[in-house]
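Notes follow once the structure below has been shown.
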Amino acid sequence: MPQQRMDIRMIKDILRLKYSGGLSHEAIARSLSISKGVVAKYLGLAGAAGLDWEATAELDEASLERRLLGRSSAETAVVAADFATVHIELRRKGVTLMLLWQEYRAANAGRRTWAYTQFCEHYKAFAKTLKRSMRQQRRAGEKLFIDYAGSTLALTDGTRAQVFVAAMGASSCVFACATVDQSMRSWLGALARALSFYGGCTQLIVPDNPRSLVSEACRYEPKLNETVRDFARHYSVSFLPARPFAPKDKASAESSVQVVTRWVLARLRHTVLADVHAADAAIAALLPSLNNRKFQKLEGSRASLFAALDAPALSSLPAQPWQWATFKTVKAHIDYHVELDFHRYSVPHSLVGLALEARVTDALVEVLHRGQLVACHARSSRRGGFTTLDEHMPAAHRAHKDWTPERLIHWGSSIGANTGRFVTQLLQRFRHPEHGYRSCLGLLSMTKRYGPQRVEAACTLALELGARHYRHVRDILTNGRDLIARAAPEPEWVAPAHDNVRGAANYH
């Protein structure tokens, strides 16, 4: 079976993390939970297409897909460079990667070669394979380490507040807050607060390890994986879980948890905390004293080091804060509506029959097609209702947008008496007639394919058979049963008149 193509949004994330974030193939693979081979494949395709991040960011998903995947493997084949020779040549005085790239292009004139950016990235990947270990570096504004403290805070109602801790990689500036639990919603909500506290976004967010919430929750709830990616796209960050059995990867997080435990939680051990909000306020009051404490062996404090190193290197926060969102695959039905939580929301009628993706927040329902927003509605708490935008309707429906049971029955009766009876039956099946609108519209729309005479004949046969569902009429039409001639029903037997036969008046 041929392999399915990767979601184009995932491919775009690979290009963003490589060209904009400057991550290695391995880091990208761990961040997106894919293999290094897949990362190399799509970066190779991007290089062959002559794409950098600036050009990629300007393309919509359809255009990017055509640029990357619309060519044959022969067209995208790239002449590989001899990086073993490149590595040796770089030891010579005055030899640079730019010079070696120009010689590589000249030696393969007329053939497909890597652009300079891809040439450098492939060389870096090759060079890393020659090293047995990699020294961890903490660049300003690059990483934010996060974890939950092992200690919790007792509340007066008998429950315990969880303590979320974040620390900047270069300055070790600490943020902490209290959450009700360690669910994905609480975890991402606390992380959004941390980014707001720092006033900007790092390139990478490093959870404790691959067995953290990012991986475990997504394993059991696959749609949560899209929620995490939605968070990452909103803030233009990427998650890079610390490697198992690699304590250097999470040293900053563990040391920050220890500092918060000793200098914040220990001071609150005798404090009476009514609820999580009280615990959160108590932690917030102690954070300034922790971040302003002077270093023992260095000049300044966490706060001053953050202002000098991390703060200038952070990217700006988005205009709107992130909201918890869940994702669900939905289908645009014949009435150009999708159903969510027993309520129906309209989408453009041209999308009928297509699988779409719904992004649901506390306030909004956004419907996306191939990553593009096609509909946005205020979320409704009404069950069984419709939310319809005029621009989503076909022209023929705009004049009749206020659907009522009477209108649908009248429409059915205009096709035939038995069609009107069947529409009435469909509506009476539901406690709320609106729930039957979709079946009625599906039934009436079949006149475009089969004609009104056949629909009337199929409804007649369905009523004779005692059928009650739209699908029964559809199956009759599909199988052509309405076209089969049926014998006329025999007349009801009536006793003949006879002198020896007494009538009803003779019986009492």
Side-chain angles (χ1 to χ4, degrees), residues 27 30-31 33 136-139 141-154 160-198 200-220 224-225 227-228 231-232 235 237-269 276 279-280 282-284 286-287 290-291 293 302 305-306 310 314 322 324:
R30 287 193 289 117
S31 176
S33 299
Q136 298 294 317
Q137 297 180 348
R138 302 287 185 248
R139 292 188 298 171
E142 180 189 32
K143 294 180 180 179
L144 177 66
F145 295 86
I146 57 176
D147 197 3
Y148 269 101
S151 302
T152 56
L153 292 173
R160 304 191 72 86
Q162 307 296 316
V163 181
F164 174 89
V165 178
M168 279 288 172
S171 64
S172 297
C173 185
V174 173
F175 168 80
C177 67
T179 64
V180 176
D181 51 32
Q182 294 188 20
S183 66
M184 180 66 76
R185 185 164 189 160
S186 296
W187 188 77
L188 289 177
L191 180 52
R193 289 182 57 190
L195 295 177
S196 178
F197 172 83
Y198 292 119
C201 304
T202 57
Q203 295 179 21
L204 298 172
I205 295 174
V206 184
D208 180 30
N209 57 57
R211 297 182 180 276
S212 66
L213 283 168
V214 174
S215 297
E216 285 297 301
C218 295
R219 178 185 305 172
Y220 298 108
L224 286 180
N225 204 5
T227 300
V228 175
F231 182 98
Y235 288 104
V237 300
S238 109
F239 289 93
L240 185 68
R243 296 171 296 176
F245 310 109
K248 291 183 179 180
D249 284 10
K250 52 186 178 179
S252 296
E254 292 183 347
S255 63
S256 297
V257 166
Q258 184 182 67
V259 168
V260 169
T261 302
R262 291 178 177 178
W263 292 90
V264 176
L265 303 185
R267 295 184 180 186
L268 297 176
R269 67 188 186 280
V276 172
D280 190 57
I283 293 173
L286 293 174
L287 277 181
L290 170 58
N291 285 319
R293 288 180 63 246
R302 288 180 173 84
L305 203 57
F306 171 77
D310 285 317
L314 297 177
W322 180 81
W324 169 261

May I ask you to decide if C177's main-chain N or O and D280's side chain share a donor-acceptor pair within less than 3.5 Å?
no

Test of understanding: with salt bridge (charged side-chain N to carboxylate O under 4.0 Å, His left out), list the residues that count as partners of R262, not counting sequence neighbours.
none

State, with a plain yes or no, whether a side-chain heavy atom of W322 is found less than 4.5 Å away from one of L191.
no

Approximate separation, where rounding is to 0.5 Å, of Y198 OH and R193 CZ
12.5 Å

Find out whether L144 and L195 are in side-chain contact, i.e. whether some heavy atom of one side chain is under 4.5 Å from a heavy atom of the other.
yes

Locate the shortest heavy-atom distance separating W324 from L188; write the atom from each residue and the value.
CZ3-CD1, 4.0 Å

Under the side-chain contact (heavy atoms from CB on, under 4.5 Å) rule, what do V276 and T179 come out as? Steps first, then yes or no, please.
CA-CA 7 Å; V276 172; T179 64; 5.7 Å; no

Let me see the working for F145 and L204 under side-chain contact (heavy atoms from CB on, under 4.5 Å), right down to the final yes or no.
CA-CA 9 Å; F145 295 86; L204 298 172; over 6 Å; no

Find out whether T152 and V163 are in side-chain contact, i.e. whether some heavy atom of one side chain is under 4.5 Å from a heavy atom of the other.
no

So, Q203 and E142: side-chain donor and acceptor under 3.5 Å apart, yes or no?
no

Is there a donor-acceptor pair closer than 3.5 Å between any side-chain N or O of Y148 and the backbone N or O of V257?
no

Look up atom CH2 in W187 and atom CD in Q182, then write down how far apart they are to the nearest 0.5 Å.
11.0 Å

Would V206 and I146 count as a side-chain contact (heavy atoms from CB on, under 4.5 Å) here? Give the steps.
CA-CA 6 Å; V206 184; I146 57 176; over 6 Å; no

Could you tell me the separation between the OG1 atom of T227 and the CZ atom of R185, rounded to the nearest 0.5 Å?
10.0 Å

Any side-chain heavy atom of W263 within less than 4.5 Å of one from R293?
yes

Value rounded to 0.5 Å, distance of CD1 in I283 from CZ in F175:
9.0 Å

Distance col, row L305:CG vs S172:OG, nearest 0.5 angstrom, shows 7.5 Å

Under 3.5 Å: donor-acceptor pair, side chain of D310, backbone of S171
yes

Tell me, please, which residues at least two apart from R302 pass salt bridge (charged side-chain N to carboxylate O under 4.0 Å, His left out).
none

How many angstroms lie between atom CG of L314 and atom CZ of F306, to the nearest 0.5 angstrom?
5.0 Å

When the ring planes of F231 and Y235 are compared, do they come out parallel, tilted or perpendicular, using 30° and 60° as the limits?
tilted

Taking it one step at a time, do L240 and R30 satisfy side-chain contact (heavy atoms from CB on, under 4.5 Å)?
CA-CA 6 Å; L240 185 68; R30 287 193 289 117; 4.0 Å; yes

Residue pair R267 / L286, side-chain heavy-atom distance below 4.5 Å
yes

